[in-house]
Amino acid sequence: MNSGAKAAARSRFEGCKQRFFGALLLSSKLPTVIAAIEQHLAADQSVVLQLVTTAEAILDRRLGELSADERADLDIDLSPREYV
């Protein structure tokens, strides 16, 4: 086995694992965050959210896989489902 290939495979695996668990943690927090946002807006307060990632790289990969016909009727899944 090539040690470089083995290291690259491990690196890719660890990156996928981190993205998966990051998405999992985010999804578990969303109901609480959404409720807090609604509560603040109902109290006429401002809400500021910071996006840590825009999933732009995933979106670019998904768009690159689509044909022109598929782009006309866009339905893209940006979840980490492909890693699972």
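Everything numeric here is computed off the predicted structure, so don't read it as measured data.
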message: Please report the interatomic distance CZ(R71) to CD(E65), rounded to the nearest 0.5 Å.
response: 10.5 Å

field: Whether over 12 other heavy atoms sit under 6.0 Å from D73 CG
entry: no

Under 3.5 Å, which donor-acceptor pairs link side chains of residues 25-34 to any protein atom two or more places apart or in another chain?
unit_1	atom_1	unit_2	atom_2	d
S27	OG	A23	O	3.3
S27	OG	L24	O	2.8
S28	OG	L25	O	2.8

- line: Sorted by chain and number, sequence neighbours left out, side-chain contact (heavy atoms from CB on, under 4.5 Å) with Q45 holds for H40, A43

task: Taking side-chain contact (heavy atoms from CB on, under 4.5 Å) as the test, write out the residues that go with Q18, two or more places apart.
output: none

